[in-house]
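Some notes on the structure that comes next.
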Amino acid sequence: MTDPMSLAFDAARRAGEVGEVPVGAAIVRSGEIIAAAGNRTLRDRDPTAHAEMLVIRAACAKLGSERLEGCDLYVTLEPCAMCAGAISFARIRRLYYAAPDAKGGAVEHGARFFAQPTCHHAPEVYGGIRESEAAELLRGFFQARR
């Protein structure tokens, strides 16, 4: 199996190449890649078209279920509150992310969504995977825009 975090990084780079914030995600179940996507908020004119939302939608469609039990999500940036909510509702088993997001993240920063008593399902969370690579990708993208 191809490394799912590498697929997420590939999707992030492709997103960045077309002017999207370079964030990518991949969903895996039983060693099989179910879906991968990068941010498409600009292309789709949709503020919810974050990489995580797109892969969750694609995986649900492919598996024919609104629940992604037994699935793991790999993403290059700590998910925001919207994406954390979708991860919870989809019943993602494990979340692996690269760079923390002190400003917009909601897993280990901000709202800490999965720690709230109103959160019905919290995945196992593993952060900091290839963190420096993700941080550099984002830093380079935003420096080029200034």
Side-chain angles (χ1 to χ4, degrees), residues 2-29 32-114 116 118-131 133-146:
T2 303
D3 171 42
M5 189 60 89
S6 291
L7 286 177
F9 271 100
D10 291 346
R13 286 186 195 91
R14 285 192 304 276
E17 289 167 2
V18 296
E20 300 280 0
V21 175
V23 176
I27 290 182
V28 176
R29 185 173 74 177
E32 177 190 355
I33 303 293
I34 305 298
N39 276 357
R40 290 198 323 241
T41 59
L42 299 174
R43 189 193 92 177
D44 292 1
R45 302 283 186 248
D46 179 357
T48 70
H50 290 192
E52 301 96 309
M53 300 296 287
L54 297 171
V55 295
I56 288 170
R57 290 173 188 153
C60 286
K62 184 172 181 176
L63 298 175
S65 175
E66 75 284 3
R67 300 280 189 253
L68 297 176
E69 293 170 350
C71 290
D72 300 334
L73 172 63
Y74 293 77
V75 63
T76 59
L77 183 65
E78 177 183 353
C80 70
M82 173 185 67
C83 294
I87 290 164
S88 177
F89 291 138
R91 306 294 194 264
I92 297 286
R93 178 178 63 176
R94 293 186 194 108
L95 166 64
Y96 299 90
Y97 72 86
D101 185 355
K103 186 175 179 181
V107 175
E108 294 184 346
H109 295 88
R112 297 180 188 257
F113 188 90
F114 302 128
Q116 299 304 313
T118 53
C119 178
H120 297 293
H121 169 79
E124 294 175 29
V125 176
Y126 304 92
I129 300 162
R130 295 169 62 175
E131 178 179 342
E133 182 180 354
E136 183 54 40
L137 181 63
L138 289 159
R139 204 171 9 260
F141 175 80
F142 286 112
Q143 282 176 348
R145 299 194 110 30
R146 293 184 185 122

* Could you go through the salt bridge (Lys or Arg N to Asp or Glu O under 4.0 Å) check for Arg14 and Glu17 one step at a time? => CA-CA 5 Å; Arg14 285 192 304 276; Glu17 289 167 2; over 6 Å; no
Can I get a per-line list of side-chain donor-acceptor pairs under 3.5 Å for residues 94-105, giving both atom names and the distance, sequence neighbours left out?
unit_1, atom_1, unit_2, atom_2, d
Arg94, NE, Glu124, OE1, 3.3
Arg94, NH1, Asp72, OD2, 3.4
Tyr97, OH, Glu108, OE1, 2.7
Asp101, OD1, Lys103, N, 3.2
Asp101, OD1, Gly104, N, 2.9

* Asked: How long is the gap from CG on Asp10 to CE on Met5, to the nearest 0.5 Å?
  -> 12.0 Å
For residues 63-71, dump all side-chain donor-acceptor pairs below 3.5 Å to protein atoms at least two apart in sequence or in another chain.
unit_1, atom_1, unit_2, atom_2, d
Ser65, OG, Arg67, N, 3.0
Ser65, OG, Arg67, O, 3.2
Arg67, NH1, Phe89, O, 2.9

* Using a cut-off of 6.0 Å, state whether more than 12 heavy atoms not belonging to Arg13 lie near its atom CZ. => yes
* Asked: Under a 4.5 Å cut-off applied to non-hydrogen side-chain atoms, are Pro123 and Leu73 in contact?
  -> no
* Asked: Does Asn39 use its side chain to pair, donor to acceptor, with the backbone of Val21 at less than 3.5 Å?
  -> yes
* Point-to-point distance, once rounded to the nearest 0.5 Å, from NZ of Lys62 to CD1 of Ile27 -> 11.0 Å
* Leu138 versus Leu77: any side-chain heavy-atom pair under 4.5 Å? -> yes
* To do: Applying side chain to side chain contact (heavy atoms under 4.5 Å, CB included), name anything that partners Ser88, two or more places apart in sequence or on another chain.
  => Phe113, Phe114, Cys119, His121
* Drop me the distance from Ile33's CD1 to Leu7's CG, to the nearest 0.5 angstrom. => 4.5 Å
* Is there a side-chain contact between Glu52 and Ile92 (heavy atoms, below 4.5 Å)? -> no
* Tell me, do Val23 and His50 make a side-chain contact under 4.5 Å, heavy atoms counted? -> no
